[in-house]
Engineer: 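Provided herewith is a single structure, encoded as structure tokens, for subsequent inquiry.
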Amino acid sequence: MTWIVWRQQRPVLITLAAGLVVAAAAILLLRAGMVSDLQTRNIVDCVRDGTLQACRGEGPRAFQKSWYDLIHFAQLLVIVVPALVGLFIGAPLFAREFEQGTHVLAFTQSVSRTRWMATKFVVAALPALLFVAVLQLLVRSWVNAAGQLGPLAGGPYYFSTFDAQGVSPIAYTLFAYTLGVFVGALFRRTLVAITLTLGVFVVTRGFLSTWRESTIEPVRVLSNELTDPYAGMGPGQVVKNTGFLDAKGAVVTDVNAAQAKCVPNARIEVSVEDRTACWQQNGLARSFREVLPFEQATTVHLLEASIFAGLAVLFVLGSVWAVRRQA
Amino acid sequence: MSEREHPPVVAENLGKKYSRGWALRDCTLRVPAGRIVALVGPNGAGKSTLMGMITGLIRPTAGRIAVFGDVPNGRGMHPAVAFLTQAKPLYPQFTVAETLHYGRSANPGWDQAYAESLVERARVPFAAKVGTLSGGQRTRVALALALGKRPRLLMLDEPLADLDPLARETVLRTLVEECRTQCITVLLSSHVLAELEGVCDHLVLLTDGRVRLAGDVSELLRAHAGQPGMQRLGELALAYMRAEVAA
């Protein structure tokens, strides 16, 4: 049975293999070029810490101008490939058989429909999953090499970094693939299956990526810098809220009333120190900001992936039903 | 009772209703083992629906059907049955040799030497892609695939429909020779009644979704002896179909 599916999927496998060779060569070459550029410009330390004094000059800016978009594009590739797997491997898997009538051939052999289906499902999925995993690792090594000069400066919740990292690409691929398989087995038309897979995939992904940040409990960071709630903040932080605490440590509800007393009558410059002192007299003891903690990123990855995996299981069960149903 | 003793097909009050109406109704019949059964009837009489229900591709709306004692379901066809439709679905991108490999992988009881000999006798090149074969060659490959699994019941739905007269003759002759020597029960549907003459020894005549006539050919002919235009199988079937249209 494995041989049959391998033979049927041969063009897809060749495409995947060729695509992987080209992608790997391109990424490794670009990465090597980028690393030598880092050394030429003498900004290797900025990869680790982008806030260094040496990382503010013309050199790092020129470096980012030539490399940032390329790295970002590679991350987007990791995000797009799962959808392509669903559209071009998942959706036609059964839809094409039904469309060409070859399902009659498959259904009238001695092997059961379930075994035929399971073999097809697994043999077609494994190379695609391997492709996504290898691509993800290659891109990840490139992104890491750029460090704080690349997309990682945006923090773990930056959309392209989050989506192209951890278990997410594999979870998206499983979701897209099983969705395609199910829709294809249900409607038995390749074009319908491809269209529906694309639509459902984009809507679900979009919805869950806006939803996932709401699952994170923000952490409150206190600061004595009253006038600038973002003071001393490291790169990549996602600030959900800012505000003030009074002397007892309670959140000040009416900030405007406190600040209004410190607005001068005439149009004169008020120094930061004077304004801070005035605000403190009016009950604004400390400022705070609420940020998404970096260390929760893994939990969010797992949470989102488990939702996609759950949907994938439902699609697999749906496919079994759809293939085994009789006319 | 062992499986061998079950007749190939037993149907009781079998019926299938589509949204447009009944395709087959109150069909009660028994296909005896070792016979070559002609399944005849005008277009839309329910021949393909009956075959579909035997394979398990179609679910009956009413009644019961058993194939070698088992009820066909959506999990897969009975392993002792082989089915060949008019469309002869094969993977066009496979070569002939790969198509036989397909049969070997998908059927535990596969007889590779026998399937190869059938293809060789048909002089179909093994390296040719199925998509490039002529209609007659495709049929011979599909037949090798069907017979290679060593079935005890072979169903053929209009297998000769798209072949030229010469190819029809060869294919039919091969078919009959193979099935007679191996005692395979054959259920053969065709529009060309003359072809079935001398080939089939059992008749099932469907008209308008119902069984009009079923039984051993020589017995049926004996029963209709003396009636003009009913001396042969084809004439007999045609007479019944005409009567149905007139009614």
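Letters A, B, ... are given to chains in the order of the sequence lines, protein chains preceding strands, and every chain is numbered from 1.
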Engineer: Looking at side-chain heavy atoms only, is the closest gap between A:Thr108 and B:Thr85 below 4.5 Å?
Structural biologist: no
Engineer: How long is the gap from OH on B:Tyr91 to CD1 on A:Ile4, to the nearest 0.5 Å?
Structural biologist: 7.5 Å
Engineer: If you draw a 6.0 Å radius around CZ in B:Phe126, do more than 12 non-hydrogen atoms from other residues or ligands fall strictly inside?
Structural biologist: yes
Engineer: What I'd like to find out is whether the side chain of A:Arg7 reaches to under 4.5 Å of the side chain of B:Gln93, using heavy atoms alone.
Structural biologist: yes
Engineer: When the ring planes of A:Trp3 and B:Phe94 are compared, do they come out parallel, tilted or perpendicular, using 30° and 60° as the limits?
Structural biologist: perpendicular
Engineer: Quick one: what part of B:Ala106 sits under 4.5 Å from any heavy atom of chain A, side chain, backbone, both or neither?
Structural biologist: both
Engineer: Shortest non-hydrogen contact from B:Asn73 to A:Arg113?
Structural biologist: O-NH2, 4.5 Å
Engineer: Within a 6.0 Å radius of atom CG on A:Leu191, are there more than 12 heavy atoms belonging to other residues, nucleotides or ligands?
Structural biologist: no
Engineer: Taking side chain as everything from C-beta outward and backbone as N, CA, C, O, which of these in B:Lys88 sits under 4.5 Å from a heavy atom of chain A? Side chain, backbone, both or neither.
Structural biologist: neither
Engineer: Please rank A:Gln100, A:Met1, A:Arg324 by heavy-atom pairs under 4.5 Å with chain B and give me the top one.
Structural biologist: A:Arg324
Engineer: Between A:Val111, A:Thr102, A:Thr114, which shows the greatest number of heavy-atom pairs under 4.5 Å with chain B?
Structural biologist: A:Thr102
Engineer: Among B:Gly76, B:Ala146, B:Ser105, single out the residue with the greatest number of heavy-atom pairs under 4.5 Å to chain A.
Structural biologist: B:Ser105
Engineer: Does atom CG of B:Asp26 have more than 12 heavy-atom neighbours, drawn from other residues, nucleotides or ligands, at distances under 6.0 Å?
Structural biologist: yes
Engineer: Please state whether the side chain, the backbone, both or neither of B:Pro151 comes within less than 4.5 Å of a heavy atom of chain A.
Structural biologist: neither
Engineer: Using a cut-off of 6.0 Å, state whether more than 12 heavy atoms not belonging to A:Arg188 lie near its atom CZ.
Structural biologist: yes
Engineer: Which atom pair, heavy atoms only, marks the closest approach of A:Phe107 to B:Leu57?
Structural biologist: CD1-CD2, 3.5 Å
Engineer: Could you tell me whether B:Arg180 atom CZ has more than 12 heavy atoms of other residues or ligands within 6.0 Å of it?
Structural biologist: yes
Engineer: When only pairs under 4.5 Å are counted, which of B:Val81, B:Leu90, B:Leu84 shares the most heavy-atom pairs with chain A?
Structural biologist: B:Leu90
Engineer: Under 4.5 Å from any heavy atom of chain B, what part of A:Arg325 do you find: side chain, backbone, both or neither?
Structural biologist: neither
Engineer: Between atom CD of A:Gln326 and atom OG1 of B:Thr55, what is the distance when rounded to the nearest 0.5 Å?
Structural biologist: 8.5 Å
Engineer: Among B:Met155, B:Arg104, B:Arg75, which has the most heavy-atom pairs under 4.5 Å with chain A?
Structural biologist: B:Arg75
Engineer: Below 4.5 Å, heavy-atom pairs only: which of A:Gly101, A:Ser110, A:Ala106 has the largest tally toward chain B?
Structural biologist: A:Ser110
